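Contents: one structure, followed by commentary.
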2 protein chains.
Amino acid sequence: MIFNCKPKIVLTEKQKALIEKIGISFENEGSQPVPARILGLLYVSDKPELTFDEITEALQISKSATSNGINLLLQMQRIEYTTFSGDRRRYFRLKVSNWRDEFRTKIDTMAGFNVLLREVLEVRTKETPAYNASIKELVDFLDYVFQNLPLLLQKWDQEKKDRP
Amino acid sequence: MIFNCKPKIVLTEKQKALIEKIGISFENEGSQPVPARILGLLYVSDKPELTFDEITEALQISKSATSNGINLLLQMQRIEYTTFSGDRRRYFRLKVSNWRDEFRTKIDTMAGFNVLLREVLEVRTKETPAYNASIKELVDFLDYVFQNLPLLLQKWDQEKKDRP
DNA sequence: TTTTTAGTTCATAAAATTATGAACTTAGTG
DNA sequence: CACTAAGTTCATAATTTTATGAACTAAAAA
C-alpha cells in the first residue's frame, strides 16, 4: 500500500476565521479577495512558508487563482519565495520586513495627492481667496506630515537601538 | 424672447483635465468614478458651491448617478451643503476642514489592522519564535506610529499659532 | 524518451459594480 | 388645486472584476 505523503495544511477554526478577517481587512484597503486571503493564510499558518499547492488546497481555490494571486503579491512586494535544491517548488512567505517600505510607499501616495492639490491652487480662480486659503492650509499640513514621518522612522530606529 | 437663465458651469480644458486626474487619484484610493469626479469638480470649480443640476450637467452624468454620488459623499462626510431661503436647491461644497478627521480615521483604520495582528500573534504556533518576533516588531512599530501621529497634529497646531 | 511535477495562459463563466432612464415622491408656487 | 422643481428609487443595462477549468509549457525524474 502506498501513502500519498503530501502533508496537508490543516487549519483550525480559529485560524480560518482569522484568515477571513484579515482577508476582509485587506479587501477593505482595495485588495482583491484571493490575494487578501493568501496574505491572511501566510499570517496565521503554522508553517511560515507555503508552496503553491498548499495555498491552493488550504484556500480551496483554483490553480489559476493561486497563480494570479501569487504573482500579484510578488509584484506588490508583499510576498517573496525561496527554493531548495532538489525541489522545484517555490516556498512563499510574507515579506514582513517590508512594512517599512510599504509605509514609505503610502506616504508617497499621499504626497502624490498633494501635488495635485498644488495644481488645483494654480488653476483655481482668484475670486475665492478664503476657499483657496483653506486648500492651501491642507497642502501645508500634508507637507508638514510628510516631512515629519521619516523623522518618526528614524526616532523609532534610535529607540530600538537604545533598548533592544 | 425669454432667456433660460440657468448660469451653466463652463469648464476650461485645464479644469477638465485636472478633474480627471483628481478623479483617478481618488479612484486609486478606492472611490468609485462618479463620486471621485464630483470631488474633483468641487476642487477646481470657480464656484465652491454647486447645485445638484450643475454637477449633473458639468460632469454629463445622469441624475441618479449624481444622486447616488452625492449621498455617498455626504455619508462619507467628504461634502456638505447649505440652502438659502426661497431656494429649494442644496448647494454642495467640499468639507475641506474635514481633512483633520479624515487623517484620524485613516490612522484608526491602520490601528484596526494592528488589532488583527495581535490576534495573529495569539493564534500563531509557538514553534516559530523568529517569525513571531518579526510580526511582533511590526505591531510595536505601528503602535509607536499611532501614538506619535496625534502629537504631530498638536505640534502643527502649535506652530500655526506661533506664526499665523 | 516518456512521464510527472510545477506552474502559466487563455477563453469563458459567474458575480459584483456602476450607470442609466423612466417613474415616482415631496414640498413649495402660482 | 394643479403645477413645477428638486431629488429619489428602482428595474435594467453596461461594464468591470474575479474565478474557473482545460489546455499548454518547461524542467526534472524515471
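Order of the sequence lines sets the chain letters (A, B, ...), proteins ahead of strands, with each chain counted from 1. Note that the structure is predicted; figures quoted are calculated from it, not measured.
Judged by closest nucleotide on DNA chain D, A65(A) is the one of D87(A) and A65(A) placed further toward the 5' end.
In this structure, F26(A) and Y43(A) have parallel ring planes: the angle between them is below the 30° cut-off, well short of the 60° mark. Classification of the W156(B)-F141(A) ring pair by plane angle, with boundaries at 30° and 60°, yields perpendicular.
Between the R37(B) side chain and the P33(B) main chain, a donor and an acceptor come within less than 3.5 Å of each other.
Rounded to an integer number of Å, the gap from CD of Q60(B) to P of dG21(C) is 11 Å. I38(B) places its CD1 atom 13 Å from the C1' atom of dT18(C), with the value rounded to the nearest Å. Nucleotide dA19(C) holds its C1' atom 13 Å from the CD atom of E27(B), rounded to whole Å. The interatomic distance linking L72(B) (CG) with dT8(D) (P) rounds to 13 Å, in whole Å. Look at CG on L73(B): it is 13 Å from P on dT18(C), rounded to the nearest Å. I55(B) has its CD1 atom 17 Å from the C1' atom of dA19(C), to the nearest Å. In this structure, I61(A) atom CD1 and dT20(D) atom P are separated by 7 Å, rounded to whole Å. Note: CD (E57(A)) to P (dA6(C)) measures 13 Å, nearest angstrom.
Crowding of Y81(A) atom OH: a count of heavy atoms from other residues, nucleotides or ligands under 6.0 Å not exceeding 12.
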Please list, pair by pair, any protein nitrogen or oxygen found under 3.5 Å from a nitrogen or oxygen in nucleotides 7-14 of chain C.
{"unit_1": "dG7(C)", "atom_1": "OP1", "unit_2": "R90(A)", "atom_2": "N", "d": "2.9"}
{"unit_1": "dG7(C)", "atom_1": "OP1", "unit_2": "R90(A)", "atom_2": "NE", "d": "3.3"}
{"unit_1": "dG7(C)", "atom_1": "O3'", "unit_2": "R90(A)", "atom_2": "NH2", "d": "3.1"}
{"unit_1": "dG7(C)", "atom_1": "N7", "unit_2": "K63(A)", "atom_2": "NZ", "d": "2.7"}
{"unit_1": "dG7(C)", "atom_1": "O6", "unit_2": "K63(A)", "atom_2": "NZ", "d": "3.0"}
{"unit_1": "dT8(C)", "atom_1": "OP1", "unit_2": "N71(A)", "atom_2": "ND2", "d": "3.4"}
{"unit_1": "dT8(C)", "atom_1": "OP1", "unit_2": "R90(A)", "atom_2": "NH2", "d": "3.4"}
{"unit_1": "dT8(C)", "atom_1": "OP2", "unit_2": "S67(A)", "atom_2": "OG", "d": "2.7"}

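Checked for salt-bridge contact, R118(B) and D143(B) meet the test: a charged N lies under 4.0 Å from a carboxylate O.
When only modelled atom types and interatomic distance are considered, T83(B) and R88(B) share no side-chain donor-acceptor pair under 3.5 Å.
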